[in-house]
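Reviewing the structure listed below.
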Protein chains: 2
Amino acid sequence: MQTLIDAQKKLLPDLLEIMQKRYQILHHIRLMQPIGRRVLSTNLGISERVLRSEVQFLKEQNLIDISSAGMSVTPEGSELLKNLEDMMKEVSGLKDLERKIKSLLDIKDVIVVAGDSDLSPWVKKEMGRACVACMKERLTSQSIVAVTGGTTLAAVAEMMTPELKQIDILFVPARGGLGEDVKNQANTICARMAEKAMGNYRLLHVPDQLSDEAYQSMIEEPAIKEVLDLIRSSNMVIHGIGDAITMAERRKTASEEIEKIKQRRAVAEAFGYYFNQEGEVVHKVKTMGIQLEDVKKVEHVIAVAGGASKAKAIKAYMKQAHHSVLITDEGAARELIRE
Amino acid sequence: MQTLIDAQKKLLPDLLEIMQKRYQILHHIRLMQPIGRRVLSTNLGISERVLRSEVQFLKEQNLIDISSAGMSVTPEGSELLKNLEDMMKEVSGLKDLERKIKSLLDIKDVIVVAGDSDLSPWVKKEMGRACVACMKERLTSQSIVAVTGGTTLAAVAEMMTPELKQIDILFVPARGGLGEDVKNQANTICARMAEKAMGNYRLLHVPDQLSDEAYQSMIEEPAIKEVLDLIRSSNMVIHGIGDAITMAERRKTASEEIEKIKQRRAVAEAFGYYFNQEGEVVHKVKTMGIQLEDVKKVEHVIAVAGGASKAKAIKAYMKQAHHSVLITDEGAARELIRE
DNA sequence: TCATACCGGGACATTTTATGTCCAGTGATT
DNA sequence: AATCACTGGACATAAAATGTCCCGGTATGA
């Protein structure tokens, strides 16, 4: 296939451009459906008129439906997107990025989606979609999936779709409260994801701040203990990666702790752990649930994080996570390579 | 790969058309280089102006060179042609033809090139090129290649190129004089092919008509004997297939022999043997060199013949040559299947 | 050495296609 | 009922493709 694409690049570069344009349009429609021409055209940065011509074409090809509510892709269009995804990545150089980053960070697998989530919010959704596809590839029957919080994971949850094959999936939050907004808490996301996947879920109801005694007694609670056991026996973990300072500040972290984090030069954060540039743990939020050493034993670990601003954090975290799959975006990927 | 192309076709319905057009242009340029626009455009049946646009494009892509002598393909263009050959065949249905004919005639391998050598003379060249490629695939070091005469074989010789790998090839004529024009005699073609291939060759200088005694004494000649031994130990035979009557008439065949050939319903001819519809030998020209039973023992036998008019002959001959590889053209192939 | 035929490429009219611009009609939502 | 975002028709205009003509250069053969 590689040779075919290379040959096409030489023999019809002009057509490949058109193809990319149409693919991108279809892609965006799927992402934002139902959507109107105006919004879409400004989003894609092309004039409304040319979008209109293309849209008409896509409609004639039965790849999209057009209604008064806006445009949306047909099953056929969806199928097409799936079939062309790899090739378009190849054409646009994303595959190349993936290969480079995989060898640069020396990790299991890398998926790079187009765009930069710092600049365009929809890129997160795209990462979410990629993550879901990645999950489905790796899930076997009777899986327990542990998820963390964060806006990126929220996007993953939003893009979740029910599994067609009869697979029982149980979603659990990876760790207890880390001090986030309700919307971005692991519990919320866990429930949302399970709902979208038509799977089951268990939650971990633990207050953020706990005295040691209370902590010990909670652990002994049968209801809690059961969930904790499930978490520890999960065979897939999906988590985000954050910039250390940003995360610490977003959470209601005590100022002395923030000081400590800064002093120890933490750059990355993931499921409550803070890492320095070398990938060493310099701080951890005290809460129950999965621990770093547990994660290393989990079969599938998928890290999702994008945006040029997170490149440094990704690099640092990945230094100790060669076992993981990384899902990121073009912005972060290019930044990673540039360094 | 098919799904990829199908998907591409949905996004770009005329992709294949354009690809085929450009491929065909490049292809023809290689075949007829150096060539000018006018000749090429009439040959391809497209207007000179659109050819000009395409040619300009190909030049910009560095696929062809343009000089005052005409256009010729660059090494890069040549590489591209090679890479795309299989796929273009698939697209244009030639691969399909190959498969059908292979099973229809039940032979080792079939290569079909585009066109009909009855209608366009350059198709012979194309078969020649295919034959050369086929030879190179099968040749090992230290090969002896026996070739016959005929215009088709002359085309093969013209398209011969030096072997890059250090392979010693010795060319010999398969059989002695069969009564052809000097230009199409096995000796001539043998020498030409060796020259083009930068290989060595031996010739077989025997008069066409010989009395039995003279024949016997010639065979004993050391110089002749040596060549005959080489011929019999050859590991590749390249030959054409002709229509029986046409061949008999072209050669200075005695009228009583022609009568005999006609009476016995010969339809095919190859290296001096005449075959009826069932593939049975009904006559043979008496000359030295390789015999039919020798041919059956040769490792690689390649038959080259094209043109709708030769379909019947090909079919007949192949009935007793399941061991051979057939190189033919679209015209003959379609005719073969139609029957 | 010269004539000739073929070569590429410049120039421009003409046709076809793509794009810009404006706006009418429609269905859903508030 | 009013509003809003959506589609789709219409038409001018810009751009690209194609047809047509011709020129100067160069290789080839007389």
Side-chain angles (χ1 to χ4, degrees), chain A residues 11-74 76-77 121-122, chain B residues 9-74 76-77 121-122 125 158:
Chain A
L11 202 56
L12 12 104
D14 43 351
L15 295 197
L16 280 192
E17 251 174 67
I18 299 177
M19 209 155 95
Q20 269 183 294
K21 183 170 73 178
R22 290 187 180 160
Y23 177 84
Q24 214 183 1
I25 292 172
L26 194 60
H27 193 240
H28 268 71
I29 293 177
R30 177 176 66 175
L31 211 63
M32 313 170 77
Q33 62 189 317
I35 189 180
R37 282 196 317 244
R38 277 153 250 263
V39 180
L40 185 55
S41 65
T42 54
N43 236 296
L44 285 164
I46 58 182
S47 92
E48 194 190 329
R49 192 57 179 80
V50 336
L51 176 68
R52 190 171 153 186
S53 306
E54 298 299 346
V55 152
Q56 191 178 358
F57 168 85
L58 292 176
K59 187 188 171 191
E60 276 160 14
Q61 296 292 318
N62 249 308
L63 298 171
I64 61 173
D65 271 336
I66 292 184
S67 75
S68 61
M71 305 172 283
S72 51
V73 323
T74 61
E76 203 181 335
W122 51 264
Chain B
K9 262 167 90 173
K10 276 199 195 128
L11 274 191
L12 231 34
D14 40 8
L15 172 108
L16 279 188
E17 260 175 69
I18 298 178
M19 201 153 95
Q20 274 180 302
K21 182 170 73 178
R22 289 185 184 165
Y23 177 83
Q24 217 183 1
I25 292 173
L26 196 58
H27 193 239
H28 269 69
I29 292 177
R30 178 175 66 174
L31 210 62
M32 312 170 79
Q33 61 189 319
I35 190 183
R37 283 197 318 245
R38 278 150 248 261
V39 179
L40 185 56
S41 66
T42 53
N43 235 297
L44 284 165
I46 57 182
S47 91
E48 193 191 327
R49 193 57 178 78
V50 335
L51 175 69
R52 192 169 154 184
S53 306
E54 296 298 346
V55 153
Q56 191 178 0
F57 167 84
L58 292 176
K59 187 188 169 189
E60 275 161 14
Q61 295 295 314
N62 248 308
L63 297 171
I64 61 173
D65 270 336
I66 291 184
S67 73
S68 60
M71 304 173 284
S72 52
V73 323
T74 61
E76 203 181 337
W122 51 264
K125 280 193 177 182
E158 277 321 301

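Below, each value reflects all heavy atoms present in this structure, side chains not excepted, and no hydrogens, waters or symmetry copies. On a predicted model such as this, the values are computed, not experimentally measured, just so you know. Order of the sequence lines sets the chain letters (A, B, ...), proteins ahead of strands, with each chain counted from 1.
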**OP:** Kindly point out which of dC6(D), dG8(C), dC7(C) is positioned nearest to the side chain of Met71(B)?
**Re:** dG8(C)
Original post:
Nearest of dA27(D), dC11(D), dT18(D) to any side-chain atom of Ser68(B)?
Top reply: dA27(D)
**OP:** Using whole Å, report how far CG of Leu44(A) lies from P of dT19(C).
**Re:** 14 Å
Subject >> Whole-Å gap separating C1' (dA17(D)) and CD (Gln56(B)) >> reply: 12 Å
**OP:** For the side chain of Arg49(A), starting at C-beta, report the closest nucleotide among dC12(C), dT7(D), dT21(C).
**Re:** dT21(C)
**OP:** Just call it for Leu40(A): base, sugar-phosphate, or nothing, with non-hydrogen atoms closer than 4.0 Å on any strand.
**Re:** nothing
Original post:
Expressed in angstrom and rounded to an integer, what is the separation of Leu58(A) atom CG from dG8(D) atom C1'?
Top reply: 16 Å
Original post:
Do Leu11(A) and Leu63(B) touch side chain to side chain, with heavy atoms closer than 4.5 Å?
Top reply: yes
**OP:** Measure the distance from CG on Leu51(A) to C1' on dG20(C) and round it to the nearest whole Å.
**Re:** 14 Å
Original post:
From dG9(C), dG19(D), dT19(C), pick the nucleotide closest to the side chain of Ser53(A)?
Top reply: dT19(C)
Subject >> Arg52(B) side-chain proximity, nearest of dT19(C), dG8(D), dA11(C) >> reply: dA11(C)
Original post:
Are any of the side-chain heavy atoms of Tyr23(A) and His27(A) separated by less than 4.5 Å?
Top reply: yes
**OP:** Give the nucleotide from the list dC6(D), dT19(C), dG9(C) with an atom nearest to the side chain of Arg37(B).
**Re:** dG9(C)
Original post:
Can you tell me how far P of dG20(C) sits from CZ of Arg38(A), to the nearest Å?
Top reply: 15 Å
Original post:
With respect to the phosphate group of dT7(D), does any side-chain polar atom (N or O) of Lys59(A) fall under 4.0 Å of OP1 or OP2?
Top reply: no
**OP:** Round to the nearest Å and state the distance from Ile66(B) atom CD1 to dG9(C) atom C1'.
**Re:** 9 Å
Original post:
How about Arg49(A) and Arg52(A): do any of their side-chain heavy atoms sit closer than 4.5 Å?
Top reply: yes
Original post:
Roughly how many Å is it from CD in Glu48(A) to C1' in dA18(C), rounded to a whole number?
Top reply: 15 Å
Original post:
Once you round it to whole Å, what is the distance between C1' of dT18(D) and CD1 of Ile18(B)?
Top reply: 15 Å
**OP:** Please work out if Val55(B) contacts a base, only the sugar-phosphate, or nothing of the nucleic acid, heavy-atom cut-off 4.0 Å.
**Re:** nothing
Subject >> Donor + acceptor pair across side chains of Arg38(B), Thr42(B) (<3.5 Å) >> reply: no
**OP:** For the residue pair Ile25(B) and Ile46(B), establish whether any side-chain heavy-atom pair is separated by less than 4.5 Å.
**Re:** yes
